[in-house]
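Notes to accompany the following structure.
Throughout, a chain's letter reflects where its sequence line sits, starting with A, and its residues are numbered from 1.
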There are 2 protein chains.
Amino acid sequence: MASQAELLIRPHGRATPARRRVLEVLLGAAHAMSHAEIEAELETDVCPDRVTLYRVLDWLVSKRLAHKIAGDDRAWRFNAVAADGHGHAHFHCTRCGQVYCLSELQPAFAFSLPPGYRFDSAELTIQGLCPRCSEAA
Amino acid sequence: MASQAELLIRPHGRATPARRRVLEVLLGAAHAMSHAEIEAELETDVCPDRVTLYRVLDWLVSKRLAHKIAGDDRAWRFNAVAADGHGHAHFHCTRCGQVYCLSELQPAFAFSLPPGYRFDSAELTIQGLCPRCSEAA
DNA sequence: AATCAAATGCAACCAACTTGCACATTCGAG
DNA sequence: CTCGAATGTGCAAGTTGGTTGCATTTGATT
Ligand SMILES: [Mn+2]
Ligand SMILES: [Mn+2]
Ligand SMILES: [Zn+2]
Ligand SMILES: [Zn+2]
């Protein structure tokens with residue numbers, strides 16, 4: 001009985017323990033996770049090496065099973081790509097630094113690019129206070 | 001006769017040579033510049049030290065005379081804040097890595113945040129090919 | 001001109017990755 | 001099931017981009 005992670009990974013390449021567990025962690029996360037956060041969540045025997053985790057994350061992104069966004073602490077935050085194929089906006093809390101995916105928020109951009117530019121994708125990041133920090137303030 | 005840069009800086013603090021020249025460079029730039037690009041543009045006598053440039057850039061950002069955006073090479077890109085007060089979107093070329101400010105592009109976001117989130121500002125970054133790279137492809 | 005908070009220069013430091021290479025694992029062919 | 005080539009992992013060392021602490025200099029107010 002293969003896990004959801006394994007089913008997602010197999011069509012793209014080898015399902016190694018590290019890849020399985022990292023993707024599982026990302027799938028179960030409520031917010032975008034930094035390398036350090038993921039590492040902390042991992043069992044000690046899976047992926048005893050930081051470098052492997054970096055490579056696993058890169059691989060997941062390259063296969064579009066995850067995506068990464070730049071935080072203001074110059075570290076990447078990762079999360080699994082759901083069925084929506086990353087068609088969602090992100091919320092960056094300026095107090096706790098956390099990044100949340102706003103799955104339900106499908107913004108209606110109305111814009112046209114200047115001539116010469118070729119569009120590929122758009123990323124909307126909203127700054128403000130997350131529910132927890134908003135409450136505390 | 002004070003330069004434009006000096007006039008912008010003075011209300012916020014000391015107009016030092018480094019601050020003047022860096023802001024001048026940013027004001028004259030067509031795209032967001034990395035630390036290294038700015039340093040290359042600077043005369044050798046102004047700001048002989050990397051650290052000072054970092055501090056000048058941070059200061060300009062803290063006074064809202066410049067803003068910075070994270071590139072995918074984990075380096076910040078800076079540009080001067082014009083009269084629009086950074087109410088513009090950015091275009092990130094996935095081929096050359098350059099970041100352009102789309103001053104004329106004032107996107108109409110239509111969204112409402114989930115309950116609990118407090119809005120502060122939004123940043124829209126569009127991915128694709130810039131005119132130069134689009135041509136070359 | 002004197003003053004002094006604010007800015008700079010230097011040296012060392014740090015975190016977040018990246019690279020190179022030997023060794024281990026996966027998984028499909030036989 | 002076994003084997004072996006392709007693929008992934010572990011370790012050590014290196015690089016990049018940015019910080020910190022502290023002594024010295026400097027801008028602008030008096
Ligand atoms: Mn997301
Ligand atoms: Mn801009
Ligand atoms: Zn928060
Ligand atoms: Zn380009």
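- The side chain to side chain donor-acceptor pair (under 3.5 Å) test with B:R77 is passed by exactly one of B:H35, B:H90, B:H67, B:Q98: B:Q98.
- Under the 4.5 Å side-chain contact rule for hydrophobic residues, A:L27 and A:L60 share a cluster.
- For A:R55 against D:dG8, a side-chain-to-base donor-acceptor contact under 3.5 Å is absent.
- Within the 3.5 Å criterion, the main-chain N or O of A:S34 finds a donor-acceptor partner in the side chain of A:E37.
- Relative ring orientation between B:Y100 and B:H31 is described as perpendicular, the plane-to-plane angle rising above 60° on a 0-90° scale split at 30° and 60°.
- Under the 3.5 Å distance criterion, the side-chain polar atoms of A:R74 are matched with a main-chain donor or acceptor of B:R74.
- For the pair B:R74 and A:G13, both in contact range of DNA chain D, the more 5′-proximal nearest nucleotide belongs to A:G13.
- Between the side chain of A:R21 and the backbone N or O of A:L42, no donor-acceptor pair lies under 3.5 Å.
- Distances shorter than 4.0 Å separate none of the side-chain N or O atoms of B:W76 from OP1 or OP2 on D:dG17.
- Counting heavy atoms from C-beta on, the side chains of B:L65 and B:R19 never come closer than 4.5 Å.
- In this structure, the CG atom of A:D73 is 13 Å from the P atom of D:dG18, given to the nearest Å.
- Protein atom CZ of B:F78 is 7 Å distant from nucleotide atom P of D:dG18, rounded to whole Å.
- Atom CG in A:D49 sits roughly 17 Å away from atom P in C:dG20 (whole-Å rounding).
- Under 4.0 angstrom from either OP1 or OP2 of D:dT9 there lies at least one side-chain N or O belonging to A:T16.
- Using modelled atom types, one side-chain atom of A:S62 and one backbone atom of A:W59 make a donor-acceptor pair closer than 3.5 Å.
- Taking atom CG on A:L57 and atom C1' on D:dT9, their separation rounds to 14 Å, with Å as the unit.
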Shorter than 3.5 Å, N or O on both sides, protein versus nucleotides 28-30 of chain C: list them out with atom names.
residue	atom	partner	partner atom	Å
C:dG28	OP1	A:R10	NH1	3.3

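- When the side chains of ILVMFWY residues are joined at heavy-atom separations under 4.5 Å, either directly or via intervening members, A:L53 and A:V61 end up in a single hydrophobic cluster.
- When the C1' atom of D:dG10 is taken as reference, atom CG of A:L53 falls 13 Å away, rounded to whole Å.
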Q) Under the salt bridge (charged side-chain N to carboxylate O under 4.0 Å, His left out) criterion, do B:R132 and B:E135 qualify, and how do the steps go? A) CA-CA 5 Å; B:R132 193 197 313 259; B:E135 186 109 14; over 6 Å; no
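- For a distance-only test at 3.5 Å, the side chain of A:R14 qualifies as a donor-acceptor partner of the base of C:dT25.
- A heavy-atom distance below 4.0 Å to DNA chain C is reached by these residues of residues 17-41 of chain B, ordered by number: B:A18, B:R19.
- Between the P atom of D:dT15 and the OH atom of A:Y54 lies a distance of 17 Å, rounded to the nearest Å.
- When the P atom of D:dA28 is taken as reference, atom CD1 of B:I9 falls 10 Å away, rounded to whole Å.
- Taking the C1' atoms of five terminal pairs at each end of the helix from C:dA1-D:dT30 to C:dG30-D:dC1, the two resulting helix axes are inclined by 30°, rounded to 10°.
- For the pair A:L57/A:L26, a side-chain contact is recorded, criterion being any heavy-atom separation below 4.5 Å from C-beta on.
- B:A66 approaches B:V81 most closely through the heavy-atom pair C-CG2, 3.5 Å.
- Computed from coordinates, the A:W59 CH2 to D:dT7 P distance equals 12 Å when rounded to whole Å.
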